[in-house]
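Note sheet for the following structure.
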Amino acid sequence: MWTRPPVDALKDWTPMLDRQVIDSLFPADLPEPAELEQKYPPRQLPEGAMVTRLGPSPTGFVHIGGLYVGMINKDLAASTGGTYLLRIEDTDQAREVEGAAEQFGRAFGYFGLEADEPEGEYGPYYQSQRETLYLTFARELLREGKAYLCFATPEELTDIRARQEASKAPTGYYGRWAIWRNATDEQLQTALDEGRPYVVRFRTPEDGDRRVSFDDAIRGKLQHEANRNDVVILKSSAAALRLPTYHFAHAVDDHLMRVTHVIRGEEWISSVPLHLQLFDALGFERVTYAHIAPLMKTISGGKRKLSKRKDPEAGVDFYIEQGFPAPAVQYYLRGLANGRLAEVPLEQALSTPLELGEFGVAGPLVDLVKLEGMSADYIASLTSPQVYDQVLIWAERFDPELATVLKAEKDLAVKAIGVEREGVENPRKDLRKWSDFGPQYGFFLPTVFPLIAGPTDERVTALNVAPEVVTAFVNTFIEGYQHLEDQPEWFNQIREAAAKNNFAPSPKEFKKNPDAYPGSIREASQLIRVALTGSTRSPDLHAIAVVLGQDEVLRRLRSLAG
RNA sequence: GCCCCCAUCGUCUAGUGGCCUAGGACGCCGCCCUCUCAAGGCGGUAGCACGGGUUCAAAUCCCGUUGGGGGUACCA
């Protein structure tokens with residue numbers, strides 16, 4: 001039975017409830033901390049192994065920054081022989097969104113960020129299922145007087161804040177503003193008897209330093225004002241589930257899961273002093289912190305953090321929908337984390353372990369142009385069948401019509417993708433993402449290609465060649481057409497047909513004397529190009545003709561002739 | 001308001017007091033090649049945010065200013 005301390009110890013006296021009263025606030029079968037320490041023992045891991053984690057919130061939106069931090073965590077764990085965990089931080093029931101779990105699965109799966117121990121012994125991995133754990137340690141802190149019950153209402157809290165702002169005092173629940181910190185047993189018991197809802201607050205040590213310094217694995221020594229706030233560690237007793245705040249969950253979870261390195265966004269730096277106090281109060285061994293610079297976006301006149309609401313590229317779904325290959329995105333992100341890797345070939349960049357000490361400390365800009373370039377390089381390194389497979393996978397989800405055609409015309413599609421890709425030294429880089437396939441290669445597929453509707457089709461008239469000349473030229477070409485194997489010989493047919501129809505032999509010649517010709521070999525070639533592809537921009541004409549086959553080539557040419 | 005983080009070409013960066021007249025990559029611009037585009041080859045543009053110190057010497061160290069980012073919640 002607890003008794004009041006003698007008078008001379010009063011200045012050290014911490015008001016707290018009788019242990020029995022405290023325990024009655026919690027389930028009777030709650031384990032003791034020691035039992036949990038045993039249940040979740042230190043991991044047996046090689047020297048230097050890092051146990052890391054990502055703690056996403058199920059808000060129905062996976063931020064690219066989350067992917068970035070997750071990738072870093074996973075890489076560090078993997079390269080040191082440690083373990084990477086995924087812990088769903090669902091302690092905010094208000095923000096939770098239906099279907100968020102599948103969203104995670106898709107997003108993290110696409111980029112290979114699955115947890116190393118999805119069903120491991122250190123679970124559960126959803127914070128909403130870890131209530132017992134938080135309660136155990138909250139009760140312990142309460143018993144030791146390191147935490148206390150706070151019955152302040154939201155209105156009182158708002159009022160306190162308003163008064164602090166008015167008097168220019170720092171906002172927060174501390175000192176004379178911490179109205180329940182030194183409440184007497186009687187006050188506490190009365191509130192309890194009245195059934196008023198309460199939260200559990202951390203009793204911030206009074207004897208602590210005014211400033212604290214700590215080591216950050218990326219930034220080195222950091223200094224910060226010590227935390228003075230009696231922050232909430234357990235949310236309202238009125239809720240069905242007694243959930244912890246992020247701070248308390250961080251301490252309890254990362255300790256019990258035996259996480260060694262907490263690698264998270266820079267926005268957490270300000271909370272480290274609190275986290276250190278919490279770890280110390282709980283008697284936990286401190287973890288190593290590393291704070292990652294946030295991903296930014298350029299705006300006119302500066303840069304800002306990527307915003308979920310304003311920037312489509314802030315969400316991971318954007319990259320999946322556009323069809324950016326995962327390795328390309330990983331390559332890009334790794335280059336951002338560690339500039340050295342941005343200048344090294346993809347394969348090497350993906351296999352070189354990240355080093356915390358080499359991380360940049362300034363927030364990098366997400367540069368879509370650069371990503372697209374890297375992605376094009378990556379796709380150019382694949383074989384045609386590989387590209388086909390990936391495009392098909394993408395299309396099945398985002399363009400079912402295209403997927404159907406691709407499946408029906410597999411051989412044609414693979415050959416089309418192979419144009420200027422297979423058997424050449426520098427493969428085309430016209431595919432930056434899977435969604436580029438339709439616009440770039442769709443014309444190869446007869447069922448998709450809209451034929452040119454005669455010489456007055458607007459795709460033709462843009463070339464400024466008189467319709468009757470177009471028809472005459474194309475007919476000449478058709479008449480003598482031979483489906484030749486040899487590229488120069490095949491192309492000569494265009495030259496000859498052009499010459500017969502009085503086209504200038506070179507653009508230069510045409511420019512010198514524009515009234516003497518209907519166009520030059522350039523315009524003539526473009527007519528054939530438009531007939532075959534519908535566009536003035538395409539891969540090599542002969543290569544296209546070979547893939548299309550003689551019949552299809554002639555069909556398209558005839559359609560242009562009108 | 002208070003506290004914290006950050007600052008080299010447009011972007012990612014190299015740079016740890018003299019090797020810096022600041023290097024590379026991407027982008028951009030130009031030229032070449034050429035039947036278009038893509039690719040490729042060659043060349044070019046462009047930066048130490050500002051102001052004070054310290055020092056024989058500063059992009060590099062210190063202070064300040066400015067700018068950007070973050071925190072200051074029963075959000076994470």
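Just so we're clear, the structure is a prediction, and the values are computed from it rather than from any experiment. We name chains A, B, ... by the order of the sequence lines, and we start the count at 1 in each one.
- No side-chain heavy atom of A/Tyr134 sits under 4.5 Å from any side-chain heavy atom of A/Ile233.
- When the C1' atom is compared between B/rC26 and B/rG47, the two are found 15 Å apart, to the nearest whole Å.
- Scanning atom types as modelled, one donor and one acceptor separated by under 3.5 angstrom connect the side chain of A/Glu343 and the base of B/rG24.
- Distances from the side chain of A/Pro364 to the nucleotides B/rC4, B/rU13, B/rA76 place B/rU13 closest.
- Judged by Watson-Crick or G-U wobble contacts below 3.5 Å, the nucleotide B/rA7 has B/rU66 as its partner.
- At whole-Å resolution of the value, CZ in A/Arg211 and C1' in B/rC5 are 13 Å apart.
- Among the heavy atoms of the strands, none lies under 4.0 Å from A/Glu425.
- Along RNA chain B, the nucleotide nearest to A/Ser236 and the one nearest to A/Val369 differ in position, and the one closer to the 5' end is contacted by A/Val369.
- Comparing the P positions of B/rC63 and B/rA22 gives a spacing of 28 Å, expressed to the nearest Å.
- Residue A/Lys235 has a polar side-chain atom (N or O) positioned under 4.0 Å from OP1 or OP2 of B/rC75.
- Picking from B/rU72, B/rG71, B/rA7 the nucleotide with the shortest atom distance to the side chain of A/Val361 gives B/rA7.
- Residues satisfying the ring-ring contact (aromatic ring centres under 6.0 Å, His included) criterion with A/Phe202, sequence neighbours excluded, are absent altogether.
- In this structure, A/Phe443 and A/Phe449 have perpendicular ring planes: the angle between them is above 60°, well past the 30° mark.
- We find that OH of A/Tyr332 is positioned 8 Å from C1' of B/rU11, with the value rounded to whole Å.
- Of the residues near RNA chain B, A/Tyr246 and A/Leu222, the one whose nearest nucleotide (by heavy atom distance) lies more toward the 5' end is A/Leu222.
- Here B/rA22 sits opposite no nucleotide as a Watson-Crick or G-U wobble pair (both hydrogen-bonding atom distances under 3.5 Å).
- Listed by chain and number, the residues in a side-chain contact (heavy atoms from CB on, under 4.5 Å) with A/Pro427 are A/Ala380, A/Arg421 (sequence neighbours excluded).
- Between B/rC29 and B/rA46, the two C1' atoms lie 11 Å apart (nearest whole Å).
- Comparing the C1' positions of B/rC48 and B/rC20 gives a spacing of 11 Å, expressed to the nearest Å.
- Contact annotation: A/Thr171 side-chain N/O to B/rA73 OP1/OP2 distance is under 4.0 Å.
- Aromatic pair A/Phe279/A/His250: ring centres closer than 6.0 Å.
- Taking atom CD1 on A/Ile160 and atom P on B/rA73, their separation rounds to 12 Å, with Å as the unit.
- A/Arg219 comes within 4.0 angstrom of the backbone, heavy atoms only, and of no base.
- The side chain of A/His224 lies closest to B/rC3, out of B/rC3, B/rG69, B/rA76.
- Nucleotides B/rU65 and B/rG71, compared at atom P, are 23 Å apart to the nearest Å.
- A/Arg529 is linked by a salt bridge (Lys or Arg N to Asp or Glu O under 4.0 Å) to nothing, counting only residues two or more places apart in sequence or in another chain.
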In B/S/- notation, 5' to 3', how is nucleotides 35-44 of chain B contacted by protein heavy atoms closer than 4.0 Å?
BBBBSS----
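- Here A/Val199 lies in heavy-atom contact (under 4.0 Å) with a base.
- Atom NE2 in A/His291 sits roughly 15 Å away from atom P in B/rC4 (whole-Å rounding).
- Side chains of A/Arg87 and A/Leu54 form no contact here, defined as non-hydrogen atoms less than 4.5 Å apart.
- The partner of B/rG30, taking Watson-Crick or G-U wobble pairs whose two distances both stay under 3.5 Å, is B/rC42.
- Residue A/Arg432 contributes atom CZ, which lies 15 Å from atom C1' of B/rC26 at whole-angstrom precision.
- Taking the P atoms as reference points, B/rA49 lies 22 Å from B/rC4, given to the whole Å.
- Of the P atoms belonging to B/rC9 and B/rA14, the separation is 13 Å, rounded to the nearest Å.
- On the C1' atoms, B/rA25 is 15 Å away from B/rU8, given to the nearest whole Å.
- When the P atom of B/rU72 is taken as reference, atom CZ of A/Arg228 falls 15 Å away, rounded to whole Å.
- When atom types are taken as modelled, the side chain of A/Asn229 and the backbone of A/Tyr173 share a donor-acceptor pair closer than 3.5 angstrom.
- Base pairing of B/rG1: its partner is B/rU72, meeting the Watson-Crick or G-U wobble criterion (both donor-acceptor distances under 3.5 Å).
- For the OP1/OP2 pair of B/rC75 and a distance below 4.0 Å, the side-chain nitrogens and oxygens of A/Thr91 include no atom meeting the criterion.
- In this structure, A/Leu243 atom CG and B/rA76 atom P are separated by 9 Å, rounded to whole Å.
- Contacts of A/Asn338 classified as side-chain contact (heavy atoms from CB on, under 4.5 Å), with partners at least two apart in sequence or in another chain: A/Arg340, A/Leu341, A/Leu354, A/Glu358.
- Not counting sequence neighbours, the partners of A/Asn502 by the side-chain contact (heavy atoms from CB on, under 4.5 Å) test are A/Tyr517, A/Pro518.
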